[in-house]
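Okay, structure first, notes after.
Hydrogens, waters and symmetry mates are skipped; everything else that's a heavy atom, side chains included, is used.
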Amino acid sequence: MDGTGEHDQELRQAELAERVALLADRAGADSAASLIRRTARRAESPRARICVIGGSNVGKSRLVNELVGAACVPVSVHATDGPPVVVRPFTAGPAESGHPAEPEAAAAPGDPGDPAAPGDPGPAGLRTVRIEVPSGSWAARTGVEFVDTPGWEGWSGVRQPDTAALARIVGDCDVVVVATEARRAMLATEQARIKALAAAPHSPPLAVVVTKPAEVEDEAADIMRRVNHLVSVLAPEALVLAGPVPVPDAAEPDGVDPLRAVLGHLAGIRLRRALRTIRRLHLLAATCALVEQAAGRALADLDRPDPVRTRAAEVWHTARESARFHWIVLSADAGDWRATLVQTIAAEARRRRAATARELAARFSGMLETPEEQHFIRLHAIPYTAEALQHFEAWITGTVDRALQEDICRLRAALLRNRPGEELFQGLAAPGAGRVVPAATLPGVAEEAAASESRNATGWDASWLPEFVGTAIESVLTPLSAEIVGQIAGAAGTALVTEALEHGQAERRERAIDDLERIVEAAFTEQVARTEARVGQVYDHLLSRARDRDEQWWRLHTTAVAAQPESLDHWRSLQSTARTLSRSVHAHLSPLEGA
């Protein structure tokens, strides 16, 4: 398909999205309409957005500068809590990419930058930096922009920017680049995020870039093999690339051109449009189905005689109140799920803590009266405890991941079972009138719930899942480095060394083991406390999103049940329009998914 054909198709899809949004407006599905328009605004952007994420001080900002070929964002060894920065290259003359040049002056790397141009939207909270580049440069030819994000250990929601904002930024991008530093590549938390990104439905193309390879010299090849192996298991379709290597007196670092070529291909216009379109079309299909089902309910209720309709409305409102009460029970159940998960983590922490303390005690006992005794904390206790915590983090990651998948399925199934179908109104016929509504008018809830669990999650109830997965990429962990463990050791370590040299061997050993147990306990307790807080945030967010979708369903269907006879044409029109638009959506979607 040529450029004109692609442009026409994109316009048709944009028009289709607005028509579905208008359908949702007419039906009263306000949250669906809002979500559609938000995704449509991003889909209209002609730029390819590459989002660079990773931990603090792994080289994200430097990588962005190297790719653009200019000092766009400041590079610092200190973690920053500022907002994400969108780096938007522009040319002074007509760009070779075919897009009109942007006349604004380039912003200095530390300046706030200009707000996003009208019609080229970005998520709220981004700081835009415009940088002038030559018309023949890679950035100008490919029409890319970059988002440089803060270290993801600050994505907890306690500091700005919060988890949801960063998740929206990642969800709006066309390529995700995960930067991992060569010296400590692929920590457990990085593995968790890469796995979550790859598992998200219609995830953007994913690339893992190993930064600062020059700092590991001869170990670089072994590190790349290890990263390739891990990524092949966690995200088989992701690419693993080596970061650029600075060359003295050279205009550009070595290896930047191959990296640009790969990212330029991943951000190519055809793949970019296809992925944006697939995400949007699934949302449109879910919204059409939501409106069509509600319209079917309204038309079924309007066929009932007036006394029966009144009784049906009373039965429905009773079911609505029961659903509100059910949410209280469901929230309590989710609290139990969360508590069980936290208790499991705490129990495992106690087991691992005891094993770590025993190992350190055994090592210390063998070093009494040796030159290594006074350096035991620095050379043995701190590194060994930090390593034990890393293994613990990997275990937590897998455990939480499995628990969330199970609890999301349980939550969806519970919501579907709690939504009444036609069987709610059985027996509500006028005396002697027989059965008014055919049994096949509305589906049975139990059958629908069972069917939904036997296939991939689809429909309005599942439309929030990709967004939730996106927010879960921040993981539930904040890794405790050896430096942090050293701070925790602090006074206890000093006391151990001081007192150890002032007492006899037996007393020294007993006091030292007590101090070692306190050090290990403090480190594991800190990790469990951080994990518990993050797990709480994830479950609160999960329930919030599920409640929003559930409330939208109930509001729409309650309006349908309360429909008046004079609104018959309105609901019939909604049903007809929803069916027509649904066919159009699937006509666009089928070729993209190979159906």
Side-chain angles (χ1 to χ4, degrees), residues 31-32 34-35 38-39 51 53 83-84 123-125 149-173 176 189 192-203 279 283 286 326-342 344-345 396-415 457 460-478 528-553:
S31 63
S34 175
L35 189 57
R38 192 180 80 196
T39 57
C51 188
I53 62 178
T149 61
W152 53 25
E153 54 268 27
W155 292 25
S156 64
V158 177
R159 298 182 290 173
Q160 293 295 328
D162 65 8
T163 299
L166 280 162
R168 286 194 297 272
I169 292 168
V170 174
D172 280 342
C173 74
V176 176
T189 46
R193 290 171 170 91
I194 291 171
K195 181 180 178 181
L197 278 168
H202 314 300
S203 171
R279 298 177 201 165
L283 176 61
H326 183 74
W327 252 111
I328 298 174
V329 177
L330 192 57
S331 297
D333 288 343
D336 292 340
W337 304 341
R338 177 173 57 191
T340 299
L341 178 57
V342 170
T344 301
I345 293 172
I396 291 175
T397 298
T399 301
V400 172
D401 182 56
R402 289 189 297 272
L404 275 175
Q405 291 182 13
E406 294 173 0
D407 292 343
I408 285 173
C409 289
R410 285 198 283 184
L411 181 59
R412 270 199 83 227
L415 292 178
W460 176 248
D461 296 294
S463 64
W464 57 278
L465 283 176
E467 193 171 356
F468 174 74
V469 171
T471 60
I473 64 169
E474 60 100 20
S475 178
V476 296
L477 291 171
T478 299
V528 170
R530 293 186 183 204
T531 301
E532 183 177 354
R534 294 294 181 89
V535 167
Q537 292 170 3
V538 169
Y539 273 84
D540 287 345
H541 187 62
L542 170 63
L543 284 175
S544 174
R545 292 301 173 89
R547 188 188 295 271
D548 288 346
R549 293 299 189 267
D550 194 51
E551 185 61 29
Q552 177 72 95
W553 188 93

task = Determine, stepwise, if the pair R545 / H541 fulfils side chain to side chain contact (heavy atoms under 4.5 Å, CB included).
result = CA-CA 6 Å; R545 292 301 173 89; H541 187 62; 3.2 Å; yes
query = Any donor-acceptor pair under 3.5 Å linking the side chain of S544 with the backbone of D540?
reply = no
query = What pair of heavy atoms forms the shortest contact from R547 to S331, and how long is it?
reply = NH2-OG, 3.2 Å
inquiry  = Regarding R410 and D407, does a basic nitrogen lie under 4.0 Å from an acidic carboxylate oxygen?
reply    = yes
task = Mind running side chain to side chain contact (heavy atoms under 4.5 Å, CB included) on L330 and L415 for me, showing each step along the way?
result = CA-CA 9 Å; L330 192 57; L415 292 178; 3.8 Å; yes
query = Below 4.5 Å, heavy atoms only, C-beta onward: do V400 and I345 meet side chain to side chain?
reply = yes
key: Straight-line distance of D550 CG to H326 NE2, nearest 0.5 Å   = 8.5 Å
Interatomic distance, L411 atom CG to D333 atom CG [nearest 0.5 angstrom] = 10.0 Å
Separation of T344 OG1 from I396 CD1 (nearest 0.5 Å) = 11.5 Å
